[in-house]
There are 2 protein chains.
Amino acid sequence: MFEPLGYAPAYLRLSEAIRDRILRRELKEGQALPTETELARQFEVNRSTVREALRKLESSGLVGRRAGGKRLFVTRPTRESVGGGLSQALTLHETRVVDVWEALQAVQPGIARAAALRRSTEALEQLASCARRFAGRRGDREFAVEDVADFFNALGEASDNPVFVLLNEPLLRLLKPSLAVIIDRVPQARARIESAQKHIVDAVRDRDAETAAMWMTRHTRDFRRGYEVACIPLSTEVGQDLGVA
Amino acid sequence: MFEPLGYAPAYLRLSEAIRDRILRRELKEGQALPTETELARQFEVNRSTVREALRKLESSGLVGRRAGGKRLFVTRPTRESVGGGLSQALTLHETRVVDVWEALQAVQPGIARAAALRRSTEALEQLASCARRFAGRRGDREFAVEDVADFFNALGEASDNPVFVLLNEPLLRLLKPSLAVIIDRVPQARARIESAQKHIVDAVRDRDAETAAMWMTRHTRDFRRGYEVACIPLSTEVGQDLGVA
DNA sequence: GCCTGTCTGATTGTCGGACAATAATATGCG
DNA sequence: CGCATATTATTGTCCGACAATCAGACAGGC
């Protein structure tokens with residue numbers, strides 16, 4: 001009949017107040033926050049309370065510190081910060097590799113399409129360089145995995161769509177461990193990835209959206225075959241090796 | 001030449017320590033955290049430090065309070081918590097409606113396909129009920145928008161893929177404001193949405209993945225037309241009305 | 001002029017203790 | 001046993017303190 005009348009502790013209202021200011025762009029990116037003491041004075045709360053509020057903002061990536069710095073600055077959430085949150089959420093939701101793979105398969109062709117349509121010259125060069133780096137690399141499988149992830153990320157950048165950029169990160173992060181196993185166990189994996197990347201780069205260069213999407217579809221389908229050949233059960237849960245940096 | 005030798009303040013190491021325990025499932029969902037005093041004793045730090053660490057965990061949705069409760073419990077991040085983080089990140093990355101729309105268009109057909117393949121009877125019923133609710137509603141456009149979002153969310157649930165479930169939320173949240181405008185300004189919008197939903201529900205019922213995906217493709221394409229007809233510039237930035245709950 | 005060392009003030013990280021409000025738990029009673 | 005009441009535990013907030021260190025000023029030597 002009656003809903004509980006809301007009460008929010010001060011540290012929460014405080015962090016929301018500051019967050020709104022940031023989202024509203026009244027506090028602009030790169031700008032330094034007032035000092036803790038100053039915030040405490042202005043909001044008329046204790047510095048401890050201010051600090052609790054700041055920790056919340058800090059962990060949503062809205063404020064951060066410059067390397068070796070002391071004061072807090074307004075920042076936009078980085079790919080890593082968003083990705084970290086999403087991937088740890090997925091970890092706790094008992095996400096399986098096949099779920100992540102399915103999402104990747106659903107979204108990557110769209111990214112490839114967008115990248116082909118809108119890629120800038122610089123983004124194309126970035127993408128091509130990722131592909132070259134992967135192809136040129138014979139060594140450690142860890143590095144190879146990084147290169148593959150970098151390729152996808154570069155494609156996301158090329159699409160010039162922040163949604164794609166931010167979405168890519170957590171998915172790749174969760175797939176990396178199993179991807180490493182594939183590269184280890186499936187002899188032809190490197191060659192197939194290399195070939196797919198090459199075709200995708202070409203299609204993106206030629207602004208041929210449909211071809212790019214098609215190769216991306218094949219590319220992701222290959223991953224699934226990789227799981228089977230490498231004997232990784234599709235129902236393996238991700239993040240068991242700790243989805244953390 | 002030299003990389004900075006890392007130092008992390010205690011509140012950070014503390015929050016990471018607890019977070020790892022949660023991610024590693026040593027602290028299971030629903031379990032109560034030790035009290036602040038107890039944590040302070042065990043980690044040999046001050047309670048203030050513990051509290052700062054807890055605020056971080058709280059805002060990543062790893063711990064939370066039960067309604068009207070005092071103690072903290074281990075929780076898995078909810079759709080809302082993840083969605084909030086992602087959508088505020090996108091807001092600060094100057095995401096435009098067309099970007100969100102593009103992502104939606106890329107991912108929704110995949111979701112529809114997955115839902116058609118795997119939907120349970122209950123999930124189908126949920127989905128159908130969302131469609132019925134939208135169709136039956138004549139009134140307020142705010143409610144209509146909610147219904148549309150619910151439909152997408154129900155489809156995500158039906159796909160039984162946590163990635164899709166968590167991805168859907170922030171995208172919809174960002175689209176809602178502009179969607180409201182469309183429903184207001186485009187007379188035939190309701191009818192077209194209703195029809196698309198109906199076809200999708202039917203396809204999902206029949207486990208016809210390709211038809212479901214096709215109708216979803218049309219459905220999302222309709223949104224884009226809606227933007228044009230409603231004279232919403234595609235480059236409008238999302239979240240200007242505050243991407244917050 | 002530029003680099004180096006030193007000094008000073010400001011700011012953060014951490015601590016200890018305090019207290020009111022209230023949720024959680026035990027206690028007593030019918 | 002169920003329910004009201006008293007006790008205790010726990011959180012939210014405050015205050016004050018201090019060491020570490022970062023930022024900037026300032027001077028001296030090459």
Side-chain angles (χ1 to χ4, degrees), chain A residues 2-19 21-22 27 29-75 81, chain B residues 1-19 21-22 27-75 81:
Chain A
F2 291 109
E3 43 201 62
L5 40 84
Y7 151 79
Y11 68 81
L12 227 172
R13 289 182 324 222
L14 193 49
S15 91
E16 274 169 23
I18 301 177
R19 190 191 53 176
R21 286 279 231 297
I22 296 176
L27 289 169
E29 185 194 344
Q31 196 174 340
L33 250 61
T35 65
E36 298 177 352
T37 322
E38 177 59 18
L39 285 172
R41 198 187 59 74
Q42 287 191 28
F43 285 104
E44 298 185 355
V45 295
N46 192 275
R47 189 160 78 96
S48 311
T49 308
V50 171
R51 284 178 65 81
E52 293 189 35
L54 290 180
R55 293 297 88 81
K56 301 208 71 174
L57 297 177
E58 195 173 59
S59 83
S60 32
L62 261 46
V63 306
R65 232 173 290 280
R66 302 197 168 159
K70 183 169 274 206
R71 303 199 47 183
L72 285 172
F73 290 82
V74 178
T75 59
S81 121
Chain B
M1 179 132 170
F2 289 108
E3 42 202 64
L5 39 85
Y7 152 79
Y11 68 82
L12 226 172
R13 290 183 323 225
L14 194 48
S15 92
E16 275 170 21
I18 301 177
R19 190 190 54 177
R21 287 280 231 295
I22 296 176
L27 290 169
K28 281 189 279 292
E29 185 194 343
Q31 194 174 340
L33 248 61
T35 66
E36 298 176 352
T37 322
E38 177 60 18
L39 285 172
R41 199 189 57 73
Q42 287 190 29
F43 285 105
E44 299 184 353
V45 294
N46 193 277
R47 189 160 80 95
S48 312
T49 308
V50 170
R51 283 177 65 83
E52 293 189 36
L54 290 180
R55 294 298 87 83
K56 301 208 69 173
L57 297 176
E58 196 173 59
S59 83
S60 33
L62 261 47
V63 306
R65 229 173 293 280
R66 301 195 170 161
K70 183 169 276 206
R71 302 198 48 182
L72 285 172
F73 290 81
V74 178
T75 59
S81 121

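Chain A is the first sequence line, chain B the second, and so forth, proteins listed ahead of strands; every chain is numbered from 1.
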Take a 6.0 Å sphere around CD of Glu44(B) and say whether it holds more than 12 heavy atoms from other residues, nucleotides or ligands. no
According to a strict under-4.0 Å criterion, is Tyr11(B) in side-chain N/O contact with OP1 or OP2 of dT14(C)? no
Those residues at least two apart in sequence (or on a different chain) that pass side chain to side chain contact (heavy atoms under 4.5 Å, CB included) with Gln31(A) are Leu27(A), Lys28(A)
Enter the distance from Asn46(A):CG to Glu36(A):CD here, rounded to the nearest 0.5 Å. 11.0 Å
How many angstroms lie between atom CG of Leu54(B) and atom OG1 of Thr49(B), to the nearest 0.5 angstrom? 10.5 Å
What integer distance in Å separates Arg66(B):CZ from dT22(C):C1'? 18 Å
Distance from Leu57(B) atom CG to Glu52(B) atom CD, nearest 0.5 Å? 12.5 Å
Looking only at dT14(C), dT11(C), dG12(D), the nucleotide nearest the Ala10(B) side chain is dT14(C)
Glu38(B): what forms a salt bridge (Lys or Arg N to Asp or Glu O under 4.0 Å) with it, not counting sequence neighbours? Arg41(B)
Applying side chain to side chain donor-acceptor pair (under 3.5 Å) to Ser59(B) and not counting sequence neighbours gives Ser59(A)
Apply salt bridge (Lys or Arg N to Asp or Glu O under 4.0 Å) to Arg66(A) and list each qualifying residue two or more places apart in sequence or on a separate chain. none
Tell me which nucleotide among dC15(C), dG13(C), dC14(D) gets nearest to the side chain of Arg51(A). dG13(C)
Euclidean distance, atom CG of residue Leu72(A) to atom P of dT11(C) [Å, nearest integer]: 13 Å
How many whole angstroms separate atom CG of Leu12(A) from atom C1' of dT11(D)? 14 Å
Just the rounded figure in Å: distance from C1' of dA20(D) to CZ of Arg65(A). 14 Å
If I take atom CZ in residue Arg71(A) and atom P in nucleotide dA10(C), what distance separates them, rounded to the nearest angstrom? 13 Å
Supply the atom-to-atom distance Arg51(A) CZ to Leu39(A) CG, rounded to the nearest 0.5 angstrom. 12.0 Å
With sequence neighbours left out, the residues meeting salt bridge (Lys or Arg N to Asp or Glu O under 4.0 Å) with Arg71(B) are none
Quick one: pull up CD in Glu58(B) and NZ in Lys56(B) and give me the separation to the nearest 0.5 Å. 13.0 Å
Please report the shortest heavy-atom distance between Gly30(B) and Phe73(B), naming the atom on each side. O-CD2, 3.2 Å
Axis deviation across the helix from dG1(C)-dC30(D) to dG30(C)-dC1(D), five-pair ends, to the nearest 10°: 30°
Starting at atom CZ of Arg13(A), determine the distance to atom P of dT13(D), rounded to an integer number of angstrom. 7 Å
When you check the phosphate oxygens OP1 and OP2 of dG13(C), does a side-chain N or O of Thr49(B) lie under 4.0 Å from one of them? no
Side chain to side chain contact (heavy atoms under 4.5 Å, CB included) between Val63(A) and Ile22(A), intermediate numbers included: CA-CA 9 Å; Val63(A) 306; Ile22(A) 296 176; 3.9 Å; yes
Taking all atoms of both residues into account, what is the closest heavy-atom pair of Ser81(A) and Gly61(A), and its distance? OG-CA, 4.0 Å
Find the distance between CZ (Arg19(B)) and OG (Ser60(B)) and round it off to the nearest 0.5 Å. 7.5 Å
Atom pairs, N/O to N/O, protein against nucleotides 21-26 of chain D, distance under 3.5 Å?
unit_1: dT21(D); atom_1: O2; unit_2: Lys70(A); atom_2: NZ; d: 2.8

Atom pairs, N/O to N/O, protein against nucleotides 17-20 of chain C, distance under 3.5 Å?
unit_1: dA18(C); atom_1: N6; unit_2: Arg47(B); atom_2: NH2; d: 3.4

Contacts of Arg13(A) meeting salt bridge (Lys or Arg N to Asp or Glu O under 4.0 Å) (sequence neighbours excluded), chain-then-number -> none
Rounded distance in Å - CZ (Arg41(A)) to P (dT11(C)): 12 Å
At a cut-off of 3.5 Å, list every protein nitrogen or oxygen paired with a nitrogen or oxygen from nucleotides 4-6 of chain C, distance to 0.1 Å.
none

Take atom CD of Glu52(B) and atom C1' of dT12(C), then tell me their distance rounded to the nearest Å. 10 Å
Using the side chain to side chain donor-acceptor pair (under 3.5 Å) criterion, which residues pair with Arg21(A)? Sequence neighbours excluded. Glu26(A)
Counting only heavy atoms and a strict 4.0 angstrom limit, can you tell me which residues of residues 28-38 of chain B come near DNA chain D? Thr35(B), Glu36(B)
